[in-house]
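Structure, as structure tokens:
Computed from heavy atoms alone, side chains included, the values below leave out hydrogens, waters and symmetry copies.
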Amino acid sequence: MKKEISITMTRRLLPAQITQLVRDANRFDSYILIEANNRQINVKNPLSAMSFFPSIKGLTIVVRATGSDADQALGCLCPYFREEQQDGV
């Protein structure tokens, strides 16, 4: 199963939020990619995530998950990119 969602980043993710995002992504079997500004990262890779997220505020990102738990992965991870997410996960 493949799922995709587009979200506009309205704020920066803090390092603690990025760390938690990577942990949460690693709970899923699905392959999870995030794309913005002609770059793609595997969100399960902490080094990629730390270098990628600080540079995408204001951009539209595409979150893709491919695998048996793709729906659950997107449901868990997408709130990190929306405005209602509280700082300090």
Are the side chain of [X] and the backbone N or O of [Y] linked by a donor-acceptor pair below 3.5 Å?
| X | Y | value |
| --- | --- | --- |
| Asn26 | Lys44 | yes |
| Gln20 | Gln17 | no |
| Lys57 | Leu13 | no |

Residue list, side chain to side chain donor-acceptor pair (under 3.5 Å) with Gln72, at least two apart or on another chain: none
From CA spacing to verdict: side chain to side chain contact (heavy atoms under 4.5 Å, CB included), Arg39, Phe52: CA-CA 8 Å; Arg39 281 183 64 198; Phe52 179 76; 3.8 Å; yes
Using every non-hydrogen atom in the two residues, find where [X] and [Y] come nearest and quote the distance to one decimal.
| X | Y | value |
| --- | --- | --- |
| Cys76 | Phe28 | CB-CZ, 3.7 Å |
| Ala49 | Pro54 | O-CD, 4.2 Å |
| Ser68 | Ser30 | N-OG, 4.0 Å |

Using side-chain heavy atoms (C-beta onward) and a distance below 4.5 Å, is [X] in contact with [Y]?
| X | Y | value |
| --- | --- | --- |
| Arg23 | Pro46 | no |
| Val63 | Leu74 | yes |
| Leu59 | Ile56 | yes |
| Ser6 | Ile61 | no |
| Arg64 | Gln40 | yes |

Once you round to the nearest 0.5 Å, how far does [atom1] of [X] lie from [atom2] of [Y]?
| X | Y | atom1 | atom2 | result |
| --- | --- | --- | --- | --- |
| Ser48 | Asn42 | OG | CG | 7.0 Å |
| Tyr31 | Thr66 | OH | OG1 | 9.0 Å |
| Ile41 | Leu47 | CD1 | CG | 10.5 Å |

Thr60 versus Thr8, side-chain donor and acceptor atoms under 3.5 Å: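 Thr60 and Thr8 do have a side-chain donor-acceptor pair below 3.5 Å.
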Shared hydrophobic cluster for Met9 and Val62 (ILVMFWY, side-chain gaps under 4.5 Å): no
Shared hydrophobic cluster, Leu33 / Leu77 (ILVMFWY, side-chain heavy atoms < 4.5 Å):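 Cluster IDs for Leu33 and Leu77 differ.
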Evaluation steps, side chain to side chain contact (heavy atoms under 4.5 Å, CB included), between Asp24 and Leu21: CA-CA 5 Å; Asp24 286 347; Leu21 170 69; 5.7 Å; no
Full working for side chain to side chain contact (heavy atoms under 4.5 Å, CB included) between Asn37 and Ser55: CA-CA 9 Å; Asn37 209 21; Ser55 65; over 6 Å; no
With sequence neighbours excluded, residues passing salt bridge (charged side-chain N to carboxylate O under 4.0 Å, His left out) with Asp29: none
Close aromatic pair by centroid cut-off 6.0 Å: Phe81 and Phe53: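 Ring-ring flag for Phe81/Phe53: true, centres closer than 6.0 Å.
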Derivation of the side chain to side chain contact (heavy atoms under 4.5 Å, CB included) call for Ile18 and Met50: CA-CA 7 Å; Ile18 297 169; Met50 284 294 186; 3.9 Å; yes
